[in-house]
Amino acid sequence: MHNVGWHRRLACGNLGRDAQATQDFSFTGGASSADIGLRVYPATDCGTGFQPVKRAGINRLARGKATFLAGEETVVTLIRRPGLARCVLFATLAAAVAVGGCTAQTGRRQTRELNASLDLAVFHERAPEIDGPLTLDDALDYAARYNIEVWIAAAERKFQHELATQSLLKMLPSLLAGAESSRRSEYDAAGSVSLASRTESLEPSFSAEKQVDRWDISATWNLLDFGISFLRTRQQTNRELIAQERERRVRQNLALEVTRAYWRAVTARASAVEAARAGGQVFNMLEKIDQEIEEQTISRIEGLKRETALLEQLAELRQYKRSYLAAKAALAKLIGLSPGAKFLLAYVNLDQPTAMETFDVEQLERRSLRGRPELFEKDLEEAISRDEAHVALAQMFPSISAFWRYDTDYNRYLAFDEWNTAGIRVSWNLLAIPQQIKQRDAVMLQTELIKKRRTAIAVAILTQVHLALIDYQDAAERYRITETIAEKHRNLLAAIEDAAEEGKSHAGEALDHRLKYLKAHARHLTACANLKVAHARVLNALGRDPNSGNESAVDPDALSDHTPQEEPAGK
């Protein structure tokens, strides 16, 4: 605060000791970063006055009013108006914030565009193209190598492996090496004072040079830390095994999904091929009806009714091709290809009867409890929790460290310029013992919780096994029924076609029955695919790995890589 001192007489009467006066004033004053103080005091004989002291750099106009008692000093604080410089400062800060926000937004967009290009390039380059017809075994193998979920699970496993290696290296003792080279301005000299007489008993002397050159190496082995590191390493190894089990389960679920998508694509392709053939017959029938209408063999109303029915059937036939393309795109996504990738499915003889399999329920339950990765994962989590309890117990004991140190000092005043030091240090945090006791109790409760969760998972797995068996039995029954229905429709179609050739039935009736047979045959193919998927679901419920056997349970004779691929066609 600036004190402004001056004296000016005013044309006014004499003020008493307790009189008050009010003075309006204005002056040019101020400071760059502080308010202005004005000291107002009475004159010696009459009135009051004040006079600002002009200082360098003062360019603000301050106005105010001072009210004071006569004979006393009053300090008035003047508040500066925000001038041009402050407005410029505020505008600059606002502009900087705005520019910074725009820059951040622009940087985010550029980063997203760059990452989008990289992700797209990795997606297209990660999986090679498929040469030749794709069998189910090829699809399973291809998906195991290039599926994105398996890719992520494998990366997680590798990450946990590196952490386990890091934990293993923590078990090594610490080995530190140090060196120093420095120079001080004065010698490290000191005197000595007698304790009894308080007089100087030794003149100041030094035994070290100004230049310091020394180095050392020390090794320390903390036995408590070694034991805890051993337990931590075992915990991290178990976490790596958990990552392996999770990857294994991802592969098992992927095999089930690929099996489902593959059989849906194969059966949808067969239905689409039949639909394309039927569509060709529909177009021929439409042309024939148009010709009959022109020749007035049938009435126009009857012809339009037939054409409308045929067009509705044709629109329904188009759904088969759409289902095939959708199933093929889903299969491409699962095995790691882009949805629009072009590949051929191997020929599968779907007319070959599918063998039914019987299962022993008790044996399946035992196999599922011994083979599911989720139960292995809970076993490992329990082991991790037990080791955590051991860590809490170990931290109650004193910390014992064995150490060794070798020093070399090039100080010429030393009698020995190199020496060894060895010993043992012991430390014990006694106040931390109650905390570690409670920590161990909490971990033991956590271990019991993990056991209960494992039991709950075991019950869910057994339920899943029974549900998979129910689905398989239902799929087998549906397969038998749809096979019988499709066979009846096939025989009826053959009989109607024979009758049409003999003139006992017209071609429209034969076409209607062909469309009915197509629907029945498509339902049978769907039931066939569901049966094979239900069998794969049983194996999945057991926790069986895809490469541990024939996952699809399909006769190899039903597959042929040399049979030409027949794609659905149509107008």
Side-chain angles (χ1 to χ4, degrees), residues 115 118-119 122-123 125-127 140-174 222 224-258 334-336 368-395 439-440 442-458 460-461 540-548:
N115 290 339
L118 294 177
D119 294 340
V122 171
F123 178 76
E125 296 177 0
R126 188 171 56 86
L140 293 173
D141 180 69
Y142 200 89
R145 287 184 294 169
Y146 301 111
N147 179 267
I148 189 66
E149 298 298 332
V150 174
W151 195 32
I152 294 175
E156 176 66 22
R157 174 181 52 81
K158 293 178 181 178
F159 170 69
Q160 294 296 335
H161 175 73
E162 293 299 325
L163 292 181
T165 304
Q166 178 189 8
S167 298
L168 182 63
L169 295 176
K170 286 183 179 180
M171 298 172 60
L172 297 175
S174 62
N222 191 307
L224 181 59
D225 289 345
F226 172 78
I228 293 177
S229 298
F230 174 78
L231 296 175
R232 295 298 187 194
T233 301
R234 191 162 65 181
Q235 285 180 316
Q236 191 58 47
T237 302
N238 288 332
R239 291 190 182 95
E240 180 187 358
L241 295 176
I242 288 176
Q244 291 181 3
E245 293 300 327
R246 290 177 179 175
E247 180 186 2
R248 190 162 72 94
R249 189 56 184 167
V250 169
R251 293 180 181 274
Q252 292 174 1
N253 292 334
L254 176 64
L256 176 61
E257 295 299 325
V258 170
L334 287 173
I335 63 178
S368 63
L369 295 181
R370 291 196 303 263
R372 285 294 289 266
E374 296 93 329
L375 297 179
F376 280 105
E377 180 179 344
K378 288 302 175 182
D379 293 338
L380 294 169
E381 287 183 2
E382 181 183 354
I384 292 174
S385 183
R386 287 198 304 266
D387 284 339
E388 190 65 29
H390 294 159
V391 169
L393 179 62
Q395 289 178 343
Q439 175 68 17
R440 184 176 182 275
V443 173
M444 295 301 294
L445 292 177
Q446 183 184 19
T447 304
E448 295 299 324
L449 179 60
I450 292 175
K451 292 180 180 179
K452 290 180 173 60
R453 289 176 177 173
R454 183 183 61 197
T455 303
I457 292 177
I461 288 175
N540 178 267
L542 300 180
R544 185 174 178 180
D545 295 329
N547 55 357
S548 62

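Index from 1, following the sequence.
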Taking all non-hydrogen atoms of both residues, which atom of [X] and which atom of [Y] are closest, and how far apart?
X	Y	result
R248	G543	NH1-O, 3.6 Å
V150	A143	CG2-O, 4.4 Å
I384	R239	CD1-CG, 3.6 Å
E240	A164	OE1-CB, 3.7 Å
I450	S385	CD1-CB, 3.9 Å
F230	M171	CD1-CE, 3.8 Å

Report yes if some heavy atom in the side chain of [X] is under 4.5 Å from a heavy atom in the side chain of [Y]; otherwise report no.
X	Y	value
R249	R372	yes
R234	H390	yes
N147	I335	no

As an exercise, state the distance from [atom1] of [X] to [atom2] of [Y], rounded to the nearest 0.5 Å.
X	Y	atom1	atom2	answer
I228	T233	CD1	OG1	11.5 Å
E388	L231	CD	CG	9.0 Å
I242	T237	CD1	OG1	11.0 Å
R370	F376	CZ	CZ	10.0 Å
Q236	E162	CD	CD	11.0 Å
R157	E245	CZ	CD	11.5 Å

- Pair D379 + R454: basic N to acidic O under 4.0 Å: yes

- Message: Can you tell whether the side chains of E374 and K378 come within less than 4.0 Å, N to carboxylate O?
- Response: no

- Item | Verdict with supporting geometry, R232 and Q235, side chain to side chain donor-acceptor pair (under 3.5 Å) | CA-CA 5 Å; R232 295 298 187 194; Q235 285 180 316; 3.1 Å; yes

- Query: When you look at CZ of R145, are more than 12 heavy atoms from neighbouring residues, nucleotides or ligands closer to it than 6.0 Å?
  - Reply: yes

- Task: Just do the side chain to side chain donor-acceptor pair (under 3.5 Å) check on E156 and Q160 with the steps written out, would you?
- Result: CA-CA 6 Å; E156 176 66 22; Q160 294 296 335; 3.0 Å; yes

- Item | Main-chain N/O of Q252 paired to N540 side chain as donor or acceptor, under 3.5 Å | yes

